[in-house]
Novice: 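This is the structure I have questions about; it appears just below.
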Amino acid sequence: MTQKGLKLFFDDFIKKNAIFTDKKVLQSQYIPESIVHRDEQIRQVANILAPALRVEKPSNLFIYGKTGTGKTLTIKYITNQILESAKENNVDIFTLYINCKLKRIADTEYRLIAQITRQLGKEIPPTGLPTDEVYKIFYSTLEKKKTLLILVLDEIDQLVKKTGDEILYNLTRINEELKESQVTIIGISNDLLFIDHIDPRVKSSLSEEEIIFPPYNALQIQSILKERSDKAFRKDVLEGGVLEKCAAYAAREHGDARRALELIRVAGEIAERSSHEKITIKHLDLAEEKIERDRLSDIILTQPKQFQATLYSIIKIGNEKKGVIFTGEIYELYKSLCDTVGLRPLTQRRVSDIICEMDMLGIINASIISKGRYGRTREISLSVPPQSIPVITNILEEGLDLK
DNA sequence: GTCAATTCACATGAAAGAGACCACGGTCTAGTG
DNA sequence: CTAGACCGTGGTCTCTTTCATGTGAATTGACGA
């Protein structure tokens, strides 16, 4: 494209009838003015948190629900509202929202406490201090504030899975240590069985109240999509059936509204880029493919070489022989691959874990089977759509310098 | 034929080590008046 | 005399290894009918 051509391109871009009117409505951080299909949950949460406005400590609260069922959205919405009323009535409330899954921010005990303290306005070095020192600093800054802190810990199950439930025990004991301030904890978890796996003492004090967010059904997702897309898109850009199909996709995945919104947004982007005036079902299919592909290459690129080598081995074996693959085969190929690439091979123990991680990430399907006399192993198959395999192979070969 | 013991090929768990990163306090060094 | 460089100690964090233990059904082999 010449430079003059570029100017034309941009001019053209502006003139063209944009598909979006307000794209951010479809992004996951967006908080709408009203939340549909969650009246009951909102009422319950509001009831539980309302005492805060009278400076009484609300009960700790635990919220369960699969991804994309509006947990985070609802909590953010309600805490915002509470803050507003608190401001009007001159009540001293502080709310903090922390996502425990964020890497290098709040995914260990130290980091979580440090992050909370930072948000309270006290700088804490990212490492180097003993953990109980950080606790002390946290207590004293909170004590100085003399406030009621509502602490929202999103994806708390991830944190506990990684670091153990000691941290929860410490958190629930905060109030015993504090005189001037109080803390209410709201835990949000995707894992419905999570609470059964933690220490009973912690359990009783942490989940004084429990609320479950059920998945949306296809109809509900449809109306959510309808409402958002009315704001996000220019009128009549959605071809008939697109919304319905999009909702159906998402309902299939345990009613994940976030996914549905992402899907329709990406479909819109694809349509816009290919200068279509309307979003069709074809765009939707393309969008689904693109999302999956982006997700995969994102995962692969951010993983260490060892992970890539293992995945490459799996793909290679999968190409050569149809059907299922076993851990032993992968490890053998992986070892020789390390030899050719000049990588120090990891132990089988570690590779076994890597395979398990891949399963979690949804790149492969692994299930443990026993072949009786012939041992016990994982039965592995790729769960990547076949058309993506060449793309992935390319990425891997590049990452591993195999060309 | 039946049934318990054996056996395979890993899975899974726990603990601990290596190496990167970092804060803190003490000591050394060079520059300044 | 003092600010800044430098060093040692002690801490966290991630990735990994080492060692130990667990596991489920095909196979084996003893046993009795």
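Note on naming: letters A, B, ... go to the chains in the order of the sequence lines (proteins, then strands), and numbering restarts at 1 for each one. Just so it is clear, the structure is predicted and the values come from calculations on it, not from any experiment.
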Novice: Give, ordered by number, those residues of residues 335-350 of chain A having at least one heavy-atom distance below 4.0 Å to an atom of DNA chain C; if nothing qualifies, reply none.
Specialist: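 Nucleic-acid contacts, sorted: A/Arg344, A/Pro345, A/Leu346, A/Thr347, A/Arg349, A/Arg350.
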
Novice: Quick check for you: among C/dC13, B/dA11, B/dC22, whose closest atom lies nearest to any side-chain atom of A/Pro126?
Specialist: B/dC22

Novice: With sequence neighbours left out, what residues match A/Asp298 under side chain to side chain contact (heavy atoms under 4.5 Å, CB included)?
Specialist: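 So A/Asp298 forms no side chain to side chain contact (heavy atoms under 4.5 Å, CB included) with any residue.
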
Novice: Taking only residues two or more places apart in sequence or in another chain, which ones pass salt bridge (Lys or Arg N to Asp or Glu O under 4.0 Å) with A/Asp132?
Specialist: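 With sequence neighbours excluded, A/Asp132 shows a salt bridge (Lys or Arg N to Asp or Glu O under 4.0 Å) to no residue whatsoever.
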
Novice: Just checking, A/Lys76 and A/Tyr97: is the charged tip under 6.0 Å from the six-membered ring centre and within 45° of the axis?
Specialist: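 Relative to the ring axis of A/Tyr97, which defines the angle, A/Lys76 lies inside both limits.
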
Novice: Start with the C-alpha gap between A/Phe62 and A/Ile156, add the side-chain angles, then the distance that decides, and say whether side chain to side chain contact (heavy atoms under 4.5 Å, CB included) holds.
Specialist: CA-CA 10 Å; A/Phe62 222 91; A/Ile156 196 169; 3.8 Å; yes

Novice: For residues 130-138 of chain A, which residues have at least one heavy atom under 4.0 Å from DNA chain C?
Specialist: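 Within residues 130-138 of chain A, the residues near DNA chain C are A/Pro130, A/Thr131.
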
Novice: Are A/Thr127 and C/dC13 close enough that a side-chain N or O sits under 4.0 Å from OP1 or OP2?
Specialist: no

Novice: Rounded off to whole Å, could you give me the CG-to-P distance for the A/Asp359 and B/dA11 pair?
Specialist: 12 Å

Novice: Please check if atom NZ in A/Lys226 has more than 12 non-hydrogen atoms from other residues, nucleotides or ligands closer than 6.0 Å.
Specialist: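 Atom NZ in A/Lys226 is not packed in, count stays at 12 or less.
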
Novice: Can you find a side chain N or O atom of A/Ser370 that sits less than 4.0 Å from OP1 or OP2 on B/dC10?
Specialist: no

Novice: If you draw a 6.0 Å radius around NZ in A/Lys245, do more than 12 non-hydrogen atoms from other residues or ligands fall strictly inside?
Specialist: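 Yes - once you tally the heavy atoms of other residues, nucleotides and ligands closer than 6.0 Å, there are more than 12.
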
Novice: Rounded to the nearest Å, what distance is computed from the CD1 atom of residue A/Ile368 to the P atom of nucleotide C/dG22?
Specialist: 16 Å

Novice: Could you state the CD-C1' distance from A/Glu379 to B/dA9, rounded to the nearest angstrom?
Specialist: 14 Å

Novice: Measuring centre to centre across the rings, with the benzene-like ring taken for any Trp, is A/Phe20 within less than 6.0 Å of A/Phe233?
Specialist: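 Here the rings of A/Phe233 and A/Phe20 have centres that are less than 6.0 Å from each other.
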
Novice: Taking protein heavy atoms under 4.0 Å as touching, what does nucleotides 2-8 of chain B look like 5' to 3' if B marks base contact, S marks sugar-phosphate-only contact and - marks none?
Specialist: -----SB

Novice: Has A/Arg38 got its NZ or CZ under 6.0 Å from the middle of the six-membered ring of A/Tyr216, at an angle within 45 degrees of the ring axis?
Specialist: yes

Novice: A/Phe307 CZ to C/dT16 P: how many Å, rounded?
Specialist: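 Distance, rounded to whole Å: 12 Å.
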
Novice: Rounded to whole angstrom units, what separation is found between the CD1 atom of A/Ile113 and the C1' atom of C/dC13?
Specialist: 16 Å

Novice: Hey, does the Lys NZ or Arg CZ of A/Lys371 hover above the aromatic six-ring of A/Tyr374, less than 6.0 Å from the centre and inside 45° of the axis?
Specialist: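 No, cation not above the ring by the 6.0 Å, 45° rule.
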
Novice: Can you check salt bridge (charged side-chain N to carboxylate O under 4.0 Å, His left out) on A/Glu292 and A/Arg295, steps first, answer last?
Specialist: CA-CA 5 Å; A/Glu292 178 64 12; A/Arg295 191 180 71 87; 3.4 Å; yes

Novice: To the nearest angstrom, how far is A/Ile330 atom CD1 from B/dA11 atom C1'?
Specialist: 14 Å

Novice: Just how far, in rounded Å, is P of B/dA11 from NZ of A/Lys371?
Specialist: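 Atom-to-atom, A/Lys371 to B/dA11, this comes out as 11 Å.
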
Novice: With A/Glu329, which residues qualify under side chain to side chain contact (heavy atoms under 4.5 Å, CB included), at least two apart?
Specialist: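 Once residues adjacent in sequence are excluded, the partners of A/Glu329 under the side chain to side chain contact (heavy atoms under 4.5 Å, CB included) criterion are A/Ile317, A/Lys321, A/Ile325, A/Phe326.
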
Novice: Would you mind reading off the distance between A/Glu123 atom CD and B/dA23 atom C1', rounded to a whole angstrom?
Specialist: 14 Å

